[in-house]
Amino acid sequence: MGSTDRTSECDSRTRGADLGWVFLGGLGGTALRWSAEEAWPLHDGHWPVGTTVVNVMGAFLLGLVLETLVRMGPDHGVRRRIRLAAGTGFCGALTTYSAFALELSVLGKGGHVVIAVAYALVTVLAGIAAVVAGIALARRLVAIKGGDEA
């Protein structure tokens with residue numbers, strides 16, 4: 001077995017482990033998203049509360065997690081596993097911009113144009129504000145490793 005074969009085998013194991021971390025995080029995000037959709041079921045012509053909550057919450061968590069990890073050091077080891085599980089898996093499964101797009105379409109086609117426009121604006125603006133708040137919180141709580149910034 002040459003060095004290229006060992007490198008390829010190591011890359012395959014790393015990719016498999018990475019997928020495992022994403023899968024584990026995705027289980028948690030999916031469960032929380034399902035709970036939100038159960039708590040606030042969608043009704044024709046009404047604001048999709050469950051989707052709004054998970055998308056804004058996911059944007060906040062993604063900003064918080066990624067900024068925290070960047071401030072703690074390079075993307076390897078446990079920080080890489082946390083990023084894959086919490087960022088890619090959990091937040092990726094929690095948020096649902098495809099459902100957001102579908103709900104916008106259904107609201108618009110159902111004649112609820114005012115709600116659709118408000119839903120689009122509020123979701124996008126609240127998502128941006130949430131990710132900025134998550135980043136700001138991480139900057140306040142976590143010092144850059146090796147740096148003097150608090």
Side-chain angles (χ1 to χ4, degrees), residues 1-42 47-108 115-150:
M1 176 183 280
S3 64
T4 304
D5 294 335
R6 280 187 232 135
T7 300
S8 178
E9 183 179 311
C10 183
D11 287 346
S12 294
R13 274 187 272 156
T14 300
R15 273 185 256 141
D18 288 352
L19 288 174
W21 287 110
V22 171
F23 178 77
L24 286 175
L27 289 175
T30 299
L32 187 57
R33 180 172 147 196
W34 178 83
S35 297
E37 297 296 342
E38 287 294 310
W40 299 287
L42 184 60
W47 190 283
V49 175
T51 303
T52 305
V53 169
V54 296
N55 284 342
V56 173
M57 181 188 309
F60 175 80
L61 291 174
L62 195 56
L64 178 67
V65 167
L66 295 184
E67 181 67 19
T68 297
L69 293 173
V70 164
R71 298 175 79 77
M72 293 177 72
D75 185 41
H76 19 133
V78 71
R79 284 184 299 278
R80 179 180 169 81
R81 291 189 290 273
I82 291 171
R83 178 180 58 80
L84 290 169
T88 306
F90 186 85
C91 291
L94 175 64
T95 58
T96 173
Y97 286 90
S98 58
F100 166 67
L102 177 63
E103 290 161 352
L104 280 177
S105 176
V106 169
L107 283 168
I115 293 174
V117 170
Y119 177 47
L121 290 173
V122 167
T123 298
V124 171
L125 294 176
I128 292 169
V131 77
V132 169
I135 290 169
L137 181 60
R139 287 181 176 174
R140 189 169 175 91
L141 297 177
V142 181
I144 293 177
K145 186 177 180 180
D148 55 349
E149 185 177 331

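The structure presented is a predicted model; accordingly, all values stated were derived computationally and were not measured.
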Could you list the donor-acceptor pairs under 3.5 angstrom formed between side-chain atoms of residues 22-29 and any protein atom two or more places apart in sequence or on another chain?
none

*Heavy atoms, side chains only, cut-off 4.5 Å: are Arg139 and Arg71 in contact?*
yes
*What distance do Ile128 atom CD1 and Thr123 atom OG1 have between them, rounded to the nearest 0.5 Å?*
11.0 Å
*Would you please name every residue forming a side-chain contact (heavy atoms from CB on, under 4.5 Å) with Val117, sequence neighbours left out?*
Val113, Leu121
_Going by the rule side-chain hydrogen bond (donor to acceptor under 3.5 Å, both in side chains), which residues pair with Arg79 if we only count those two or more places apart in sequence or in a different chain?_
none
_Going by side-chain hydrogen bond (donor to acceptor under 3.5 Å, both in side chains), name the residues that satisfy it together with Trp40, two or more places apart in sequence or in a different chain._
none
Using atom types as modelled, flag every donor-acceptor pair under 3.5 Å from a side chain in residues 80-87 to any protein atom, sequence neighbours excluded.
from	atom 1	to	atom 2	distance (Å)
Arg80	NH2	Asp18	OD2	2.4
Arg83	NE	Asp75	OD1	3.0
Arg83	NE	Asp75	OD2	3.1
Arg83	NH2	Asp75	OD2	2.8

*In Å and rounded to the nearest 0.5 Å, what is the CZ to OG1 distance from Arg33 to Thr95?*
8.0 Å
_Atom pair OG1/CG of Thr30 and Leu94 - distance to nearest 0.5 Å_ = 8.5 Å
*Is there any salt bridge (charged side-chain N to carboxylate O under 4.0 Å, His left out) pair reaching into residues 21-30, and which pairs are they, with sequence neighbours excluded?*
none
In a table with atom names and distances, give each donor-acceptor pair under 3.5 Å that connects a side chain of residues 47-66 to protein atoms at least two apart or in another chain.
from	atom 1	to	atom 2	distance (Å)
Trp47	NE1	Thr52	OG1	3.0
Thr51	OG1	Glu37	OE2	3.1
Thr51	OG1	Glu103	OE1	3.2
Thr51	OG1	Glu103	OE2	2.9
Thr52	OG1	Pro48	O	2.9
Asn55	OD1	Thr96	N	2.7
Asn55	ND2	Thr51	O	3.4
Asn55	ND2	Thr96	O	3.4

*Considering residues at least two apart in sequence or located in another chain, which fulfil the side-chain contact (heavy atoms from CB on, under 4.5 Å) criterion with Ala120?*
Phe100, Leu104
